Amino acid sequence: MSDIRILSAEEARAAIPALSEVLADCVTGGASVGFMLPYGPEDAERYWLDVADAVAGGGSLLVVAELDGRIVGTVQVGAAQMPNQPHRGDLKKLLVHRSARGRGLARLLMQAAEREAAARGKTLLVLDTATGSDAEAIYPRLGWQRVGVIPDYALWPEGGFCDTTLFYKRLA
């Protein structure tokens, strides 16, 4: 049974080991989400501490998916924007552990993130994702609009340039 929750800063700090495992699994599986191989759960701890701090400061929303009480997926909304962009949020790091894929968790995580962002006054979300990745195919099915591609935007975890595709979604 799956459960989708928004974590408080305290819950985020307590979940760092599980979140680190999800991130490390995704990077090891080839996800271009900002980190290079080799990458293990211990490498991810600093990142998740920073996320928990951002949650505590109101700058980020952290959504998790649990299966049988175990965190197996996550997504974030960067909610802190410049003064001329209070209506916008940045969707970040949609991650589902490889062992939990194919169960609709990405869709559930995205729906919860969008719902919570809208409840906090966000009317526009934006994201970027590696062009040609499995993740890129998810967003149009969830109502996101493709804007375009930036070549050589980042590196794949094992090296080599990867393009990024930009998307946006207006929230009701």
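Since the structure is predicted, the reported quantities are computational estimates derived from the model, not experimental observations. Side chains are part of it too, since the values below use all heavy atoms of this structure and drop only hydrogens, waters and symmetry mates. Nothing fancy with the numbering, it's 1 onward along the sequence.
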- Message: Does any part of the side chain of Val63, heavy atoms only, come nearer than 4.5 Å to the side chain of Ile4, both counted from C-beta?
- Response: yes
- Item | Residues that, via side-chain heavy atoms closer than 4.5 angstrom, fall in one hydrophobic cluster with Met82 | none
- Single-linkage hydrophobic cluster Ile150~Phe161, side-chain heavy atoms < 4.5 angstrom: no
- Item | Side-chain (Arg107) to main-chain (Leu142) donor-acceptor, under 3.5 angstrom | no
- Looking only at non-hydrogen atoms, find the nearest pair between Trp48 and Ser20 and report the distance. CD1-OG, 3.4 Å
- Is there a side-chain contact between Leu94 and Leu127 (heavy atoms, below 4.5 Å)? no
- Query: For atom CG of Asp50, is the number of surrounding heavy atoms from other residues, nucleotides or ligands below 6.0 Å larger than 12?
  - Reply: yes
- Please check if the side chain of Lys122 supplies one atom and the backbone of Ala79 the other of a donor-acceptor pair under 3.5 Å. yes
- Message: Would Val55 and Leu7 count as a side-chain contact (heavy atoms from CB on, under 4.5 Å) here? Give the steps.
- Response: CA-CA 8 Å; Val55 170; Leu7 297 188; over 6 Å; no
- Is there a path from Val51 to Val27 through hydrophobic residues (I, L, V, M, F, W, Y) whose side chains come within less than 4.5 Å of each other? yes
- Message: Using the side chain to side chain contact (heavy atoms under 4.5 Å, CB included) criterion, which residues pair with Ala14? Sequence neighbours excluded.
- Response: none
- Note on the structure: Heavy atoms of Ala130 and Thr164 approach each other most closely as N-OG1, 4.2 Å
- Task: On the 0 to 90° scale, with breaks at 30° and 60°, tag the Tyr47-Phe35 ring pair as parallel, tilted or perpendicular.
- Result: perpendicular
- Message: Donor-acceptor pair, distance only, cut-off 3.5 Å: does the side chain of Trp144 make one with the backbone of Phe167?
- Response: no
- Measure across Leu125 and Ala117 and return the closest heavy-atom pair with its distance rounded to 0.1 Å. CD2-CB, 4.1 Å
- Heavy-atom closest contact (Thr129 atom, Glu136 atom, distance): CG2-CA, 3.8 Å
- Message: If you apply the rule side-chain contact (heavy atoms from CB on, under 4.5 Å), what do you find for Arg13 with Asp53, and how did you get there?
- Response: CA-CA 9 Å; Arg13 286 186 183 95; Asp53 289 347; 2.8 Å; yes
- Under 4.5 Å between any side-chain heavy atoms of Leu109 and Val96, yes or no? yes
- Item | Where Pro41 and Ala24 come nearest, the two heavy atoms and their spacing | N-CB, 3.5 Å
- Would Leu108 and Ser2 count as a side-chain contact (heavy atoms from CB on, under 4.5 Å) if you check the C-alpha gap in whole Å, the side-chain angles of each, and the deciding distance to 0.1 Å? CA-CA 9 Å; Leu108 294 172; Ser2 65; 4.0 Å; yes
- Query: Does Leu67 belong to the same Ile/Leu/Val/Met/Phe/Trp/Tyr cluster as Leu23, with side-chain heavy atoms less than 4.5 Å apart forming each link?
  - Reply: no
- Query: With distance as the sole test, does Asp163 use its side chain to make a donor-acceptor pair with the main-chain N or O of Asp152 at under 3.5 Å?
  - Reply: yes
- Among Ile, Leu, Val, Met, Phe, Trp and Tyr joined by side-chain contacts under 4.5 Å, find the other residues sharing a cluster with Val149 and list them by chain and number. none
- Smallest heavy-atom separation, Ala106 atom then Ile138 atom, equals CB-CD1, 4.1 Å
- Task: State, with a plain yes or no, whether a side-chain heavy atom of Lys93 is found less than 4.5 Å away from one of Thr74.
- Result: no
- Enumerate the residue pairs fulfilling ring-ring contact (aromatic ring centres under 6.0 Å, His included) with a member in residues 59-80, sequence neighbours excluded, ordered by first and then second residue. none
- Spacing of CZ belonging to Arg170 relative to NE2 belonging to His87, to within rounding of 0.5 Å: 7.5 Å
- Query: Should Val77 and Leu171 be regarded as members of a common hydrophobic cluster, given that ILVMFWY residues are connected when their side-chain heavy atoms come within less than 4.5 Å of each other, either directly or indirectly?
  - Reply: yes
- Query: When rounded to the nearest 0.5 angstrom, what is the spacing between CG in Leu61 and CD in Glu116?
  - Reply: 6.0 Å
- What's the spacing between Ile71 CD1 and Glu21 CD if we round to 0.5 Å? 11.5 Å
- Task: Measure the spacing between CZ of Arg70 and NE2 of His97 and express it to the nearest 0.5 Å.
- Result: 5.5 Å
- Message: Walk me through whether Tyr139 and Met110 qualify under side-chain contact (heavy atoms from CB on, under 4.5 Å).
- Response: CA-CA 9 Å; Tyr139 302 112; Met110 291 292 289; 3.7 Å; yes
- The side-chain hydrogen bond (donor to acceptor under 3.5 Å, both in side chains) partners of Arg88 (sequence neighbours excluded) come to Gln81, Gln85, Asp90
- Query: Do Val126 and Tyr153 belong to the same hydrophobic cluster, where Ile, Leu, Val, Met, Phe, Trp and Tyr are linked whenever their side-chain heavy atoms lie under 4.5 Å apart, directly or via other members?
  - Reply: yes
- Note on the structure: In short, side-chain hydrogen bond (donor to acceptor under 3.5 Å, both in side chains) pairs touching residues 35-44 with sequence neighbours left out are none
